[in-house]
Amino acid sequence: MSDENMMKDLVSLCKRRGFVFPASDIYGGINGFWDYGPLGVELKNNLRDLWWKWMVLCPPLGPEGTEYAGAPVSMVGLDSSIIQNPKTWEASGHVAGFTDPMVDCRETKLRYRADHLVVYSYLDSTFLFAFNKETSLEDVEKKIHKFAKKRGSENIRQIFELGDFTKVIISDELKDRKYNYHSLDKIVAPDTLEPGTLTEPRQFNLMLDTYPGVIRDEAHKAYLRPETAQGIFLNFKNVLDSSRVKIPFGIAQIGKAFRNEVTPRNFIYRSREFEQMEMEWFCHPSEAKLWRDFWFVERQKFWTAIGLAGENLQMRDHDKDELSHYAKAGYGTADIEYRFPFTAPGFGELEGIAHRCDFDLTQHQKISGQKLEYFDQERNERYIPHVIEPAAGLTRGVLALLAEAYTLDPNRPSGVYLNFHPAVAPKKAAILPLTAKEDHVPAAQKLYMALREDFAVDLDIKQNIGKRYARQDEIGTPYCFTIDDQTNADGTVTARERNTMAQERVSMDRAGEYLREKIKPAKG
RNA sequence: GCGGGUGUAGCUUAGUGGUAAAGCUCCAGCCUUCCAAGCUGGCUAUGAGGGUUCGAUUCCCUUCACCCGCUCCA
């Protein structure tokens, strides 16, 4: 099956079985938003809880061969507000950095950032020429001559730079002159010789905004957080003053984030509302490299342990030119990438491990005026710690788990099953009386009541056993316990394993123990 | 936002300017002592809004959503 078709099938399976629905489906949906159904929320919660366990409840032991080896690293959790004082986002660089006016070319279908374009013209010309700022003067002249030659009559005298695209198009300063907003039809786009192909510049603010309180004006504008990380930086001092942590330590947070994506795409991969699992690791600047490498390895272990093993998982260092504004100076960003069906044969980002340096704390200290330095008693040194940030997409993780689990099997009735690692499977087991007759049902109900105390389990009585196995295969339930005549005789049930369809007899009393053993994530 | 494509039941697909068809799912029942999602029955659809027409799911316009490309990121 092609990857595109596989993705289609996965999306419809998700809807059919209750993993993911289009948000506000009955109104025709809304671009970039998705709802998690009864099974989807179990899957997502499982991934969330496993991350929390790995990072906060049972964090890894410190790196081998260092003073931190042998003891668990220091980690605390946090749940900060989605809406923060808007100064937060000025300090973080999101207000400036996420506001990119864009211009489209109708002719070439290319898109440009308006602030990256500069406009040239020449004496007595009626035409203007937009170029990328990096374009050399030589290339500018070459193109303008080519344009003139094509037009025949144009006589070129003294080419000059008119200014930034945005200024030329919309500034009042130039409004009264012959170049103004209405000159768009006179502008020749960078990659064509045809004038008038550019659209008006459009402002894209990648943050969604809202207005808390009663007054709806600019002064009262606030933003829905575009990342959970800043909430951690805002609480750096609070955590330090309240929880007896000392550097190096981490603060972890899971929560929703919002981005007004230009183009939400690829199911839940890029949506406007999504969930992040982020941890900010605060350390001495001299140990940034050590911890960056440490977390990179630890995070790989996590994804591998819950089932994303093999060649669909890839580790990659960012090239210098794709680094975020905060990561340029440090040891860079490394990605854990997954081969999603829609990126194949390429990969898509699942988690980024970034060295954010002291960018965020420095910024917040500067803008807020609050001291965010740390006094290190052991070193007898005052400094702003450096930050290593493993930032994972929870909802992207859900998609990766779904894609990885999706397995075609023409030899079974369902034709497809979800090969979830038991640790993430939305249902750990189904309890099935072999028949709906009297002597099988009570035992099944008893087992169900016992198991549901500790596990997400299903009790399914209706219809024949083959149908029920097929249904459980399709939602990825790793085990089925079936009650038959022998159960009443010796207290055993059959345990049927999803992938192999093999069965073994297990004492009903041991069913819980059996499950607990099976659903542990692989050792890191 | 731009360009291209798609839109018929919960899902996957037929089909037609004149009563909209099927398989699976789901529900009710039957049959079932381990793969028999086998049997019977039932619910459910032309994305939304306009227009042309005696009559539109079909033709036209607008809009919305999804898919592919540009772009962006967790």
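Below, chains carry the letters A, B, ... as their sequence lines are ordered, and counting in each starts from 1.
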Base, sugar-phosphate, or nothing for [X], non-hydrogen atoms under 4.0 angstrom?
X: A:Glu261; result: base
X: A:Asn31; result: sugar-phosphate
X: A:Glu278; result: nothing
X: A:Ser414; result: base
X: A:Asn266; result: sugar-phosphate
X: A:Gly32; result: sugar-phosphate
X: A:Ser271; result: base
X: A:Leu350; result: sugar-phosphate
X: A:Arg496; result: base
X: A:Ala257; result: nothing

Go through [options] for me and flag the one nearest to the [X] side chain.
X: A:Ala391; options: B:rA74, B:rC72, B:rC35; answer: B:rA74
X: A:Arg471; options: B:rU32, B:rC26, B:rC73; answer: B:rC26
X: A:Arg16; options: B:rC34, B:rU25, B:rC68; answer: B:rU25
X: A:Arg17; options: B:rC26, B:rC73, B:rU71; answer: B:rC26
X: A:Leu206; options: B:rU71, B:rC72, B:rA65; answer: B:rC72
X: A:Ser12; options: B:rC11, B:rU71, B:rU32; answer: B:rC11
X: A:Leu434; options: B:rC68, B:rC34, B:rC73; answer: B:rC34
X: A:Tyr269; options: B:rC73, B:rA74, B:rC35; answer: B:rC73

**Prompt:** So, is A:Lys467 near the phosphate of B:rA36, with a side-chain N or O under 4.0 Å from OP1 or OP2?
**Reply:**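 Result: no.
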**Message:** With a 4.0 Å limit, can you tell me whether A:Asn411 has a side-chain N or O closer than that to the phosphate oxygens OP1/OP2 of B:rC35?
**Reply:**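 Negative; the distance criterion is not met.
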**Asked** Is it the case that A:Arg498 places NZ or CZ above or below the six-membered ring of A:Tyr417, under 6.0 angstrom from the centre and within 45 degrees of the axis?
**Response**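 The answer is no; the distance or angle limit is not met.
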**Message:** Within 45 degrees of the ring normal and closer than 6.0 Å to the centroid, is that where the cationic atom of A:Arg396 sits relative to A:Tyr269?
**Reply:**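 Judged by the rule, A:Arg396 and A:Tyr269 form a cation-pi pair.
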I need the [atom1]-[atom2] distance between [X] and [N], as an integer number of Å.
X: A:Tyr479; N: B:rC35; atom1: OH; atom2: C1'; answer: 18 Å
X: A:Arg412; N: B:rC35; atom1: CZ; atom2: P; answer: 13 Å
X: A:Ile465; N: B:rA36; atom1: CD1; atom2: P; answer: 12 Å
X: A:Met7; N: B:rU12; atom1: CE; atom2: P; answer: 13 Å
X: A:Tyr469; N: B:rU32; atom1: OH; atom2: P; answer: 18 Å
X: A:Asp9; N: B:rC24; atom1: CG; atom2: C1'; answer: 13 Å
X: A:Lys15; N: B:rC26; atom1: NZ; atom2: C1'; answer: 14 Å
X: A:Glu474; N: B:rU25; atom1: CD; atom2: P; answer: 9 Å

Go through the N and O atoms of the side chain of [X] and the base of [N], and report whether any donor-acceptor pair is under 3.5 Å.
X: A:Tyr27; N: B:rC64; result: no
X: A:Arg265; N: B:rG69; result: yes
X: A:Thr494; N: B:rC34; result: yes

Which whole number of Å gives the distance between the [atom1] atom of [N] and that of [M]?
N: B:rC27; M: B:rG4; atom1: P; value: 44 Å
N: B:rC54; M: B:rU46; atom1: P; value: 25 Å
N: B:rG7; M: B:rU57; atom1: P; value: 16 Å
N: B:rA48; M: B:rC72; atom1: P; value: 36 Å
N: B:rA14; M: B:rA45; atom1: C1'; value: 13 Å
N: B:rA28; M: B:rG69; atom1: P; value: 43 Å
N: B:rG47; M: B:rU8; atom1: C1'; value: 10 Å
N: B:rG5; M: B:rC39; atom1: P; value: 42 Å

Base-pairing mate for [N] - Watson-Crick or G-U, with both contacts under 3.5 Å:
N: B:rU57; result: none
N: B:rA9; result: none
N: B:rG41; result: B:rC27

**Asked** Thinking salt bridges, do A:Asp209 and A:Lys221 make one under a 4.0 Å N-O criterion?
**Response**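 Yes, A:Asp209 and A:Lys221 are salt-bridged.
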**Prompt:** With nearest nucleotides of RNA chain B determined for A:Gln486 and A:Arg468 from heavy-atom distances, which residue corresponds to the more 5′ nucleotide?
**Reply:**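 Result of the comparison: A:Gln486.
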**Request:** Could you check A:Thr395 against A:Ile483 and say which one's nearest nucleotide on RNA chain B is further toward the 5' end?
**Result:**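 Looking at the nearest nucleotide for each, A:Ile483 comes out on the 5' side.
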**Request:** Fit a plane to each ring of A:His355 and A:His386, take the angle between them on a 0 to 90° scale, and name the class: parallel (under 30°), tilted (30 to 60°) or perpendicular (over 60°).
**Result:**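 Because their plane-to-plane angle lies in the 30° to 60° range, the rings of A:His355 and A:His386 count as tilted.
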**Request:** On the 0 to 90° scale, with breaks at 30° and 60°, tag the A:Phe282-A:Phe236 ring pair as parallel, tilted or perpendicular.
**Result:**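 It falls in the tilted class, 30° to 60°.
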**Prompt:** Can we call the ring centroids of A:Phe19 and A:Tyr36 under 6.0 Å apart?
**Reply:**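 Ring centres of A:Tyr36 and A:Phe19 not closer than 6.0 Å.
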**Message:** Between A:Tyr338 and A:Phe347 (judged by ring centroids, cut-off 6.0 Å), do the two rings come close enough to count as a pair?
**Reply:**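 Ring centroids of A:Tyr338 and A:Phe347 are no less than 6.0 Å from each other.
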**Asked** Looking at RNA chain B, which of residues 456-464 of chain A put a heavy atom within less than 4.0 Å of it?
**Response**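 A:Lys462, A:Asn464 - these, ordered by number, are the residues of the stretch whose heavy atoms sit under 4.0 Å from the strand.
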All N/O donor-acceptor pairs, side-chain side in residues 20-34 of chain A, below 3.5 Å, sequence neighbours left out:
{"unit_1": "A:Asp25", "atom_1": "OD2", "unit_2": "A:Lys15", "atom_2": "NZ", "d": "3.0"}
{"unit_1": "A:Trp34", "atom_1": "NE1", "unit_2": "A:Phe267", "atom_2": "O", "d": "3.1"}

